[in-house]
Participant: 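Quick one: the structure is below, questions incoming.
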2 protein chains.
Amino acid sequence: MTGKFSLGPVDVEVPPEEQFARFLQGKGKRFTPQRRLVVEMVFSHHDHFDAEELLEHLSELIAQRRVSRPTVYRTLSELVEAGMLRSMNLGGRSVYEHAYGYPRHDHLYCQRCGRLFEFHSERLDQLREAVAREHEFQVTGHRLMITGVCRHCRDEE
Amino acid sequence: MTGKFSLGPVDVEVPPEEQFARFLQGKGKRFTPQRRLVVEMVFSHHDHFDAEELLEHLSELIAQRRVSRPTVYRTLSELVEAGMLRSMNLGGRSVYEHAYGYPRHDHLYCQRCGRLFEFHSERLDQLREAVAREHEFQVTGHRLMITGVCRHCRDEE
DNA sequence: CTACTTGCAAATCATTTGCAGATGA
DNA sequence: TCATCTGCAAATGATTTGCAAGTAG
């Protein structure tokens with residue numbers, strides 16, 4: 001729990017638990033201890049996380065029998081639905097990252113070590129719009145993944 | 001089989017079967033009737049194809065017991081390895097497209113009808129290089145998918 | 001001959017679902 | 001009260017693998 005919260009009228013950041021609770025309420029759903037656990041776990045580290053990290057943490061929870069695997073999956077879907085997580089697909093498994101309180105970004109994927117690096121590009125937004133206009137497409141989002149080898153891995157050779 | 005082949009010294013296009021046969025040979029593998037069937041099927045329509053199309057065709061082959069499912073999967077992997085197909089992941093299943101004799105492109109994905117549309121952008125190539133340089137990343141490829149609703153689907157409302 | 005292949009059936013692996021009992025508003 | 005949840009075990013669905021029998025060079 002490292003979130004920064006201010007009480008000013010402008011920069012109030014709603015903590016994830018609260019945000020999620022509201023979302024659930026709006027759907028007539030409950031904010032149960034299990035869902036709370038998953039949200040806390042997921043938003044306890046502020047870096048973006050990949051499948052391995054996530055599953056590691058989650059399996060701890062599962063091992064402790066504090067939440068079951070199906071509930072974890074269900075809650076992750078709800079978090080995506082709530083717009084608090086974004087999911088992508090890497091090698092057949094789902095990878096999640098915070099979509100909440102984080103700037104939009106895309107990824108560099110190192111095929112050697114599997115690490116993900118973030119970047120943001122204004123030009124990409126422009127490009128996206130240009131392409132959409134040309135194809136009369138109503139854009140809702142995009143996903144760009146640049147694959148290659150990171151500096152770290154190249155140094156190791 | 002609609003490929004255009006010329007005998008001129010410059011513009012000779014090697015047919016897919018031949019291309020694949022060479023690749024296999026170089027690996028000490030055989031160009032079997034089953035592999036030939038899959039290649040012919042896969043390269044018989046020149047548009048790019050999505051999972052549904054592909055599986056439809058393949059299931060015919062499988063139903064006729066001309067090739068088994070495992071062999072289809074194995075051959076598709078080999079075609080990717082040979083650089084003749086490119087694969088991406090859409091909703092948990094693999095989607096293939098020609099990487100052979102086709103210009104590089106990216107996709108617009110209509111989340112309503114599931115159709116894929118191609119586009120190419122020079123600016124994206126430049127952007128890719130710029131990002132890579134900045135992160136000292138050695139690029140091997142990228143994948144951009146713009147999601148939204150196509151004109152066709154919007155018209156239908 | 002001998003290594004490479006195939007098809008079958010069974011195994012994986014991530015994810016989902018049916019359902020009976022538990023629980024929060 | 002009572003609809004919403006949870007966990008379990010089993011189902012799914014795509015893809016992979018072990019293995020014995022078939023086949024190309």
Side-chain angles (χ1 to χ4, degrees), chain A residues 17-18 20-42 49-82 85 87-96 114, chain B residues 17 20-39 41-42 49-82 85 87-96 114:
Chain A
E17 290 83 354
E18 175 115 16
F20 192 39
R22 286 183 195 168
F23 168 79
L24 291 169
Q25 193 161 58
K27 295 225 148 196
K29 293 178 161 188
R30 297 173 195 155
F31 190 43
T32 61
Q34 288 87 340
R35 298 211 247 236
R36 159 164 266 127
L37 271 172
V38 175
V39 178
E40 284 177 0
M41 189 99 278
V42 161
F49 50 87
D50 62 23
E52 281 83 68
E53 263 184 61
L54 181 62
L55 290 175
E56 193 182 308
H57 288 266
L58 294 180
S59 61
E60 269 169 40
L61 275 184
I62 293 164
Q64 296 172 234
R65 312 192 128 247
R66 317 252 280 117
V67 202
S68 72
R69 194 173 280 275
T71 294
V72 169
Y73 275 99
R74 286 188 274 238
T75 306
L76 286 174
S77 297
E78 289 160 349
L79 284 167
V80 170
E81 213 189 313
L85 284 185
S87 79
M88 49 190 148
N89 209 291
L90 224 55
R93 45 174 58 57
S94 284
V95 176
Y96 297 90
Chain B
E17 291 83 354
F20 192 40
R22 286 182 194 169
F23 168 80
L24 291 169
Q25 193 160 57
K27 297 224 147 196
K29 293 178 161 188
R30 297 172 195 155
F31 190 44
T32 61
Q34 288 86 341
R35 297 212 248 237
R36 160 165 266 126
L37 270 173
V38 175
V39 178
M41 190 98 278
V42 162
F49 50 88
D50 62 22
E52 282 84 69
E53 264 185 60
L54 181 60
L55 289 175
E56 193 183 307
H57 287 267
L58 295 180
S59 61
E60 269 169 39
L61 275 183
I62 292 163
Q64 296 172 236
R65 312 193 130 247
R66 317 253 278 120
V67 202
S68 72
R69 193 173 279 274
T71 295
V72 168
Y73 276 100
R74 286 189 275 241
T75 307
L76 286 175
S77 296
E78 288 160 350
L79 284 167
V80 170
E81 214 190 312
L85 282 186
S87 78
M88 50 190 147
N89 209 292
L90 224 53
R93 43 178 56 62
S94 283
V95 175
Y96 297 90

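Sequence lines set the chain letters: A, B, ... in the order given, protein chains first and strands last, and positions in each chain run from 1.
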Participant: Can you give one letter per nucleotide of nucleotides 2-7 of chain C, going 5' to 3': B for a protein heavy atom under 4.0 Å from the base, S for sugar-phosphate only, - for none?
Facilitator: -BBSSB

Participant: For residues B/Gly92 and A/Asn89, report the shortest heavy-atom separation together with the two atoms involved.
Facilitator: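 Shortest heavy-atom separation between B/Gly92 and A/Asn89 comes out as N-ND2, 4.3 Å.
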
Participant: Can you measure A/Ile62 atom CD1 to D/dC8 atom P for me and round it to whole angstrom units?
Facilitator: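 Taking CD1 of A/Ile62 and P of D/dC8, I get 11 Å after rounding.
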
Participant: Write down the distance between CZ (A/Arg93) and P (D/dA14), rounded to a whole number of angstrom.
Facilitator: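 Taking CZ of A/Arg93 and P of D/dA14, I get 18 Å after rounding.
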
Participant: Tell me the interatomic distance from A/Asn89, atom CG, to D/dA14, atom P, rounded to whole angstroms.
Facilitator: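 Nearest whole value for this atom pair: 14 Å.
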
Participant: Within the 4.5 Å heavy-atom criterion, are B/Arg36 and B/Phe31 side-chain neighbours or not?
Facilitator: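 Yes - at least one pair of side-chain heavy atoms lies under 4.5 Å apart.
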
Participant: Would you mind reading off the distance between A/Gln25 atom CD and D/dA3 atom C1', rounded to a whole angstrom?
Facilitator: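 It is 16 Å, rounded to the nearest whole Å.
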
Participant: Expressed as a whole number of angstroms, how long is the span from B/Leu76:CG to D/dA14:P?
Facilitator: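 B/Leu76 atom CG is separated from D/dA14 atom P by 14 Å.
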
Participant: How close do A/Arg30 and A/Leu24 get, heavy atom to heavy atom, and via which atoms?
Facilitator: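 Minimum heavy-atom separation between A/Arg30 and A/Leu24: O-CD1, 3.5 Å.
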
Participant: Without decimals, in angstroms, what is the distance between A/Leu61 CG and D/dT6 P?
Facilitator: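 Computing the A/Leu61:CG to D/dT6:P distance gives 13 Å.
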
Participant: Once you round it to whole Å, what is the distance between C1' of D/dT15 and CG of B/Leu58?
Facilitator: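 After rounding, the gap between these two atoms is 14 Å.
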
Participant: Only one of B/Val95, B/Leu76, B/Leu85 clears side-chain contact (heavy atoms from CB on, under 4.5 Å) with B/Leu54; which?
Facilitator: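 Answer to the side-chain contact (heavy atoms from CB on, under 4.5 Å) test with B/Leu54 among B/Val95, B/Leu76, B/Leu85: B/Leu76.
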
Participant: Could you state the NZ-P distance from A/Lys27 to C/dA25, rounded to the nearest angstrom?
Facilitator: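 From A/Lys27 NZ to C/dA25 P: 19 Å.
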
Participant: It should be established whether A/Tyr73 places a side-chain nitrogen or oxygen under 4.0 Å from OP1 or OP2 of nucleotide C/dT15.
Facilitator: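 So the side chain of A/Tyr73 is within the cut-off, an N or O lying under 4.0 Å from OP1 or OP2 of C/dT15.
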
Participant: May I ask you to decide whether B/Glu78 forms a salt bridge with B/Arg74, counting only side-chain N to carboxylate O separations under 4.0 Å?
Facilitator: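 Here B/Glu78 does not pair with B/Arg74 in a salt bridge, since their nearest N and O are not under 4.0 Å apart.
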
Participant: Mind jotting down which residue pairs meet the side chain to side chain donor-acceptor pair (under 3.5 Å) criterion with at least one end in residues 60-70 of chain A? Sequence neighbours excluded, please.
Facilitator: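 Checked against side chain to side chain donor-acceptor pair (under 3.5 Å) - neighbours excluded - the pairs reaching residues 60-70 of chain A are A/Ser68-A/Thr71.
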
Participant: For C/dA14, does OP1 or OP2 lie under 4.0 Å from any side-chain N or O of A/Ser94?
Facilitator: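 So the side-chain polar atoms of A/Ser94 never come under 4.0 Å of the phosphate oxygens OP1 or OP2 of C/dA14.
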
